[in-house]
Amino acid sequence: MRLSLRFVLPLMLVLAGIAYAIIPLVDQLTLRWFVHDLDVRSSLIANTIQEPLQEQLVAGNRAKSREFFNRITQGERLYAVGYCASATGKALASRFLPAEIHCADLDRWEGPGDHVFPSPRGPLHVAVKPMSSEAAPAGRLVLVHDMSFVTRRSEETKRYVFYFFMGLAGVVSLVTVIIAQLSWRGWMAGMHALLRGEGLLRQPGPGAQPKLPGFNPIARDLQRLISELGAETRARDESQITWTPESLRAILQGELRGEDVIVVSNREPYIHQRKGEQVEVQQPASGLVTALEPIMRACSGTWIAHGSGSADREVVDRHDHVAVPPDKPAYQIRRIWLTAEEEAGYYYGFSNEGLWPLCHIAHVRPTFRSGDWAQYVAVNRKFTQAVVSEAKTKSPIILVQDYHFALLPQMIREQLPDATIITFWHIPWPNPESFAICPWRDEVLAGMLGSSILGFHTQFHCNNFVDTVDRFLEARVDRESFNVSFGGKLTAVRRYPISIAWPPEAEMLQKSVPDCRSDIRRMNDLPAEHKLGVGVDRLDYTKGILERFRAIERLLELNPEWIGRFTFVQIAAPTRSGIEEYEHHEAQVQALAAHINGRFGHQGPPPIALKVEHHEPREVYEYFRAADLCFVSSLHDGMNLVAKEFVAARDDECGVLILSQFTGAARELPEALIVNPYDADQCTAALHLALSMPAAEQRDRMRLMRGLVAEFNVFRWAGRMLLDAAAMRRRSRLIDKTSRTEA
Ligand code: G6P
């Protein structure tokens, strides 16, 4: 409105100026018309009175002629009439013939020219008309008209002209305001769409017409500008080769104005367990925790998670907070307490018997129960309340982690509309057909689309997600920008391959590789030069541990020279043991290990050392450093950080990584020996190759892989998400600003 006024006022002034300039012109024009009319009228009167006047003159009756003149000047406009027989005599005239008009100087009034005579009474029109030559007596008639009516008319005309222009100004202004408002709204809508990255240039749907054809060239320019800005940000990103905790802190302070970071995950980074009189602190076996923990150390803030340890309640304050890491606190955990019923339905049920097998496609049927779903909804709501209570500002940055919280983004969005919600899905996303079997698929998708940014490890998973949304929701999917517009909100679906902290903590690499080799061998009763393979996983059916063992069995069948010379240590962290499928799986793994050891364990140490127990990260690193090879054979894995940890542990540039092609990591570490875990012979060949690989080749491969993990570390993973979030916040601030201007 303000904008419209700014336009209308000058317009009205311009029109008033035009009116002001035009009025004198109109005045002159009308004056000319009136003078012409009076000339014509004077000729007419002269012709009319000529005959009776001559008769009276012939009769010599001057008094009668004067009376005749007085009579005809009684009308409204003819002011005076006079007759001059010659230039020397006195005029025979009616009552009011001005004294200034003499017979001697009638020439000035005759013919074309200025006939207006300014008398004290007002302007008069003087016309001199000769009597026709045959007439006798001849002479000239003087006809004087009162021109005061011209002044009156002129005033009226001026008034009308003025009113006309004011009216015109009003109409033009009104039309202008309406058009300006309409086009401003349209332009703003286009602008908003563009800034939201909805791609104005493309048609919204098949057969639909572009809404703002005139906007397209501007849109193209703006889009180019935006993508150039994006490219610039990326360039800055790429050039920052070493991503460190400091880089993250700088982004938070600079780009995100020191906003608070809140992480939400089911698994907590530190678990307090009661061991008799003691309380022990454990770091759980979870790729999610491995990745997020260094981020939180760098960013501070609050990590909201399920308090699952037996001593967790003993160490929190009255707000359920505990500062961690215990030796050097940098952030706080806010623990959420779940009832056994909630844990059964939300964690074991819907999350791990439903979504986990659904997304992994590892040939374990997902199980969906409505009771589990109800608990899942309720627990998501419970965590939402915790997020809201932990938020210190209206626009916090919330990092929602994993499939336990698909509904959380939408629930948070309802309560904190300005929050920046970055959701990361740590596990794969299946194709739409597979996902379709989830009875609450629409709710899950809608919940996730409450996020500002939704991250997956690979582009393949992004594609699957976007396809799934396209198939099942009334959402607008932009396949070029990978933005999904749902319920009036935009979600950017992006690939952010997760990683680990680089460099690893000094403590992890403290013990030298030779010491690790000898200590681990001694601990496991293995000879000093014994070949050692290692696998580190949760005891989960998606990890392909059975397939791994079968490959080892086949190796010993096909290459018996390794019998008694090679042992594979499988560290298997117990996990989700309340679920039947996991119990069954553990039994299978135990049985297969026993079977293989039974077959090949007679000529020396057993080929498989299965350790089903929790190991702290430091112990795991010792195994990594002691091993000749690490075998990651997941049947399906979002990323798999064990592969990257093995690489990080090998600062001696030795050791061979055998890596399943079905992990996200395989896309980043092609120098590993990439295998199909379902192909036992291929895995066997890889094992044999790894065991016999020359040190130089090991070094070449390891060096390349270490370079990649160093560059694409977890600070970069988080940094890229935060930079994207910062850009989004800038855009939405711009949209808000333009909306305010519009109002
Ligand atoms: C996977 C999931 C994580 C989970 C971890 C351990 O990596 O993506 O969210 O924390 O497994 O599983 P658990 O059920 O023990 O937390």
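Whatever order the structure lists them in is the order used to number ligands and atoms, beginning at 1.
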Legend entry - Passing candidate, ring pair (Phe, Tyr, Trp, His ring centres under 6.0 Å) with Trp429, options Phe424, Phe435, Tyr403: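 Among Phe424, Phe435, Tyr403, the one meeting ring pair (Phe, Tyr, Trp, His ring centres under 6.0 Å) with Trp429 is Phe435.
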Legend entry - Residue list, side chain to side chain contact (heavy atoms under 4.5 Å, CB included) with Ser300, at least two apart or on another chain: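 By the side chain to side chain contact (heavy atoms under 4.5 Å, CB included) rule, Ser300 matches no residue at all.
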Legend entry - Partners passing side chain to side chain contact (heavy atoms under 4.5 Å, CB included) against Ala690 (at least two apart in sequence or in another chain):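 Leu629, Val656, Ile658, Leu673.
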Legend entry - Where at least one partner belongs to residues 659-672, residue pairs that pass side chain to side chain donor-acceptor pair (under 3.5 Å), sequence neighbours excluded: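 Only Lys644-Glu668 qualify under side chain to side chain donor-acceptor pair (under 3.5 Å).
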Inset, instruction - Mind telling me whether Phe624 and Phe646 have parallel, tilted or perpendicular rings, with 30° and 60° as the class edges? - result: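 The rings of Phe646 and Phe624 stand perpendicular, inter-plane angle above 60°.
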Legend entry - Heavy-atom neighbours of Phe460 CZ exceed 12 at 6.0 Å: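 12 or below, so no.
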Legend entry - First-shell residues of ligand 1 [heavy atom, distance under 4.0 Å]: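 Within 4.0 Å of ligand 1, protein side: Arg267, Ala285, Ser286, Gly287, Leu288, Tyr347, Trp356, Asp402, His404, His426, Ile427, Arg538, Thr575, Arg576.
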